[in-house]
Amino acid sequence: MSAVHRAGTPAAADELWAAAPVQPIAAHPLLIFLLQVGLLLLLAIMLGRLAARCGLPAIVGELSAGVLLGPSLFGWVAPDAAAWLLPSDPGQVHLLDAVGQIAVLLLVGLTGIEMDLRMIRRRGGTALRVSLAGLLVPLALGVGLGHPLARMLGIGASDRQMFALFLGVAMCVSAIPVIAKTLMDMDLIHRDVGQLTLAAGMIDDTFGWLMLSVVSAMTVGGLTAGVFAEAVGSLLLVLLVALLIGRPLARTALRLCKGSEERTVSAAAAMILLASAGTQSLGLEAVFGAYLCGMLIGSSGEFDRARTASLRMVVLAVLAPVFFATAGLRIDLRALREPAVLGAASIVLAIAILGKFAGAYIGARLSRLSRWEALALGAGMNARGVIEVIVAMVGLRLGILDTRTYTIIVLVAVVTSVMAPPLLKAAMKRVDCTQEELRRLTARRGAPQVRGSPERAET
């Protein structure tokens with residue numbers, strides 16, 4: 001029997017596997033990988049701290065770390081050195097991407113864990129009106145803007161519909177970590193507006209992951225009614241499995257891990273990653289599975305936040321900065337030298353801000369809130385931060401975005417996060433503090449503070 005025929009038999013396959021195991025990563029790729037992660041982490045931490053000292057979200061500094069090492073500066077000033085440190089070899093790039101993917105899935109899972117479903121139920125009606133208006137208005141504006149913007153940037157006719165849908169999703173999301181940290185820093189989290197902003201933002205985030213999963217499935221399978229129905233069916237199946245099977249499984253796993261911080265951290269991380277794999281296998285986005293699993297863990301009744309403090313510390317202090325720096329590597333600010341790209345960036349930013357402010361304002365006024373309360377809600381929900389960056393990375397991975405459009409979306413995330421605190425402060429100066437809010441503030445300040453807060457200044 002020839003070697004070729006023998007290789008096709010199970011016994012021969014076993015022999016080949018035993019004789020020639022997969023070699024570990026070679027020395028040079030390993031060196032490059034370690035240098036990449038170490039330099040990105042160090043620079044992200046330094047620039048993140050500098051941004052925080054300047055009163056900016058640390059995500060601005062962390063993204064800047066990647067921008068400095070990417071084509072915008074290092075790749076432009078020293079192309080040979082940049083090509084050595086950041087080679088375009090797919091295998092090398094995928095090593096760094098794998099770290100970023102683990103980081104973003106755990107980060108999104110932690111965001112889901114921090115969802116306060118009781119708050120949403122308590123503030124339900126008003127939060128739902130504010131959130132729906134804050135979703136639908138920017139979604140419609142983003143989809144409407146997508147087609148002329150695609151023509152302006154020279155995007156092919158066959159890709160314009162998906163680009164428009166994706167832009168609509170990107171315009172309607174908010175960033176709970178940015179919002180929560182901003183409210184805490186300004187001592188507004190006890191105010192009614194602060195509570196409503198968090199509740200509406202949570203609804204926004206959930207809807208955003210749902211829509212992102214549907215758009216992702218339609219991108220892979222094509223923009224047809226059948227693919228849309230299949231994506232929605234997969235989505236409903238995931239939600240049904242999560243409620244009927246996922247919730248009791250999460251509760252049982254956490255109950256078995258009680259009394260051990262190490263086992264709780266391991267179980268939570270494993271559940272988040274496996275849930276991500278589950279939604280990815282159905283053609284939905286892995287981040288949706290991570291977010292949904294986080295919600296199940298946080299609402300299980302067996303979850304103890306203190307026992308996952310070490311997981312939050314590793315994710316927020318190490319993995320997340322590497323992810324944001326990696327995201328910054330793909331930003332090419334030189335693209336803004338093109339008049340068409342600069343014009344598109346200005347239009348997208350204006351529409352993103354206008355859409356979120358208008359939507360939140362309409363929803364708040366329909367709920368009989370004052371004009372200044374409505375403006376404060378718009379200012380808070382306008383912050384896109386980490387969520388927008390993750391959405392942009394998904395769009396880049398799916399091929400919906402190129403370097404130019406990716407740079408535009410990330411700029412929206414940065415600018416809206418930076419402008420949220422001063423606008424919120426200006427609006428809240430006109431909103432009187434009620435007796436209920438004062439009682440809530442007194443109770444909050446009298447309560448013991450727990451270190452390792454989940455709300456993250458960096459994002």
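- In this view, Leu249 and Ile245 satisfy the side chain to side chain contact (heavy atoms under 4.5 Å, CB included) rule, not counting sequence neighbours.
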Side chain to side chain contact (heavy atoms under 4.5 Å, CB included) between Leu423 and Phe357, worked out: CA-CA 11 Å; Leu423 291 177; Phe357 263 92; 3.8 Å; yes
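- Put simply, CE on Met295 and CD1 on Ile297 are 12.0 Å apart, with the number rounded to the nearest 0.5 Å.
- Annotation: side chain of Leu196 is not in contact with side chain of Val130 (no heavy-atom distance under 4.5 Å).
- Exactly one of Val391, Leu396, Leu398 qualifies for a side-chain contact (heavy atoms from CB on, under 4.5 Å) with Val394. That residue is Leu398.
- Looking only at distances, no side-chain donor or acceptor of Tyr361 sits under 3.5 Å from a matching main-chain atom of Lys356.
- A donor-acceptor pair under 3.5 Å is formed between the side chain of Gln36 and the backbone N or O of Leu85.
- For the atom pair Met171 CE and Ile353 CD1, the distance stands at 10.0 Å (nearest 0.5 Å).
- The CZ atom of Phe163 sits 4.0 Å away from atom CD1 of Ile155, with the distance rounded to the nearest 0.5 Å.
- Pairs engaging residues 257-272 under the salt bridge (charged side-chain N to carboxylate O under 4.0 Å, His left out) rule: Lys258-Glu302 [sequence neighbours left out].
- Rounding to the nearest 0.5 Å places CG of Asp159 at 9.0 Å from CD1 of Ile400.
- Side chains of Val108 and Ile390 form a contact here, defined as non-hydrogen atoms less than 4.5 Å apart.
- What you find for Ala379 and Ala420 is that their closest heavy atoms are O-CB, 3.6 Å.
- A pairwise comparison of heavy atoms in Ala320 and Ala103 identifies N-CB, 4.2 Å as the closest pair.
- To the nearest 0.5 Å, atom CG of residue Leu377 and atom OG1 of residue Thr197 are 4.0 Å apart.
- For the pair Ile32/Leu86, no side-chain contact is recorded, criterion being any heavy-atom separation below 4.5 Å from C-beta on.
- Legend: salt bridge (charged side-chain N to carboxylate O under 4.0 Å, His left out) pairs involving residues 95-106, not counting sequence neighbours, sorted by first then second residue: Asp97-Arg330.
- Judged by distance alone, with hydrogens and angles left aside, the side-chain atoms of Thr403 form no donor-acceptor pair with the main-chain N or O of Ile331 at under 3.5 Å.
- For residues 46-56, no pair satisfies salt bridge (charged side-chain N to carboxylate O under 4.0 Å, His left out), with sequence neighbours left out.
- Atoms CG and CG, on Leu411 and Leu63 in that order, are 9.5 Å from each other to the nearest 0.5 Å.
- Side-chain contact between Met162 and Val215: present, with at least one pair of heavy atoms (C-beta onward) separated by less than 4.5 Å.
- Looking at residues two or more places apart in sequence or on another chain, you find a side chain to side chain donor-acceptor pair (under 3.5 Å) between Thr405 and Asp402.
- Summarising the geometry of Met152 relative to Ala344, their closest heavy-atom pair is CE-N, 3.5 Å, with the distance given to 0.1 Å.
- Surrounding CE of Met46 are at most 12 heavy atoms belonging to other residues, nucleotides or ligands under 6.0 Å away.
- For the pair Leu167 and Leu149, the tightest heavy-atom approach, listed with the atom from each and the gap, is CD2-CD2, 3.9 Å.
- Using a 4.5 Å heavy-atom cutoff, the side chains of Leu73 and Val67 are not in contact.
- Here the side chain of Arg247 pairs no donor or acceptor atom with the backbone of Leu296 at under 3.5 angstrom.
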Derivation and outcome, side chain to side chain contact (heavy atoms under 4.5 Å, CB included), residues Leu273 and Ile102: CA-CA 8 Å; Leu273 295 177; Ile102 296 295; 4.1 Å; yes
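- Heavy-atom contacts from other residues, nucleotides or ligands closer than 6.0 Å to CE of Met313 number 12 or fewer.
- Shown here for Val389 and Ala327, the closest heavy-atom pair between the two residues is CG1-CB, 3.8 Å.
- Side chains of Val93 and Asp89 form no contact here, defined as non-hydrogen atoms less than 4.5 Å apart.
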Residue pair Leu145, Ile347: steps toward the side chain to side chain contact (heavy atoms under 4.5 Å, CB included) verdict: CA-CA 9 Å; Leu145 175 66; Ile347 294 171; 3.5 Å; yes
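- Between Phe323 and Leu40 the shortest side-chain heavy-atom distance does not fall below 4.5 Å.
- The environment of CZ in Arg397 is crowded: more than 12 heavy-atom neighbours from other residues, nucleotides or ligands sit within 6.0 Å.
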Leu110 and Ile272: CA distance, side-chain angles, deciding distance, side chain to side chain contact (heavy atoms under 4.5 Å, CB included) verdict: CA-CA 9 Å; Leu110 290 175; Ile272 290 170; 5.5 Å; no
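- Of all heavy-atom pairs spanning Trp76 and Pro79, the tightest one is O-CD, 3.8 Å.
- Under the 3.5 Å distance criterion, the side-chain polar atoms of Ser276 are left unmatched by any main-chain donor or acceptor of Val287.
- Side-chain contact between Ile409 and Glu388 is present, with heavy atoms from C-beta onward closer than 4.5 Å.
- Sorted by first and then second residue, the side chain to side chain donor-acceptor pair (under 3.5 Å) pairs involving residues 331-353 (not counting sequence neighbours) are Asp332-Arg334.
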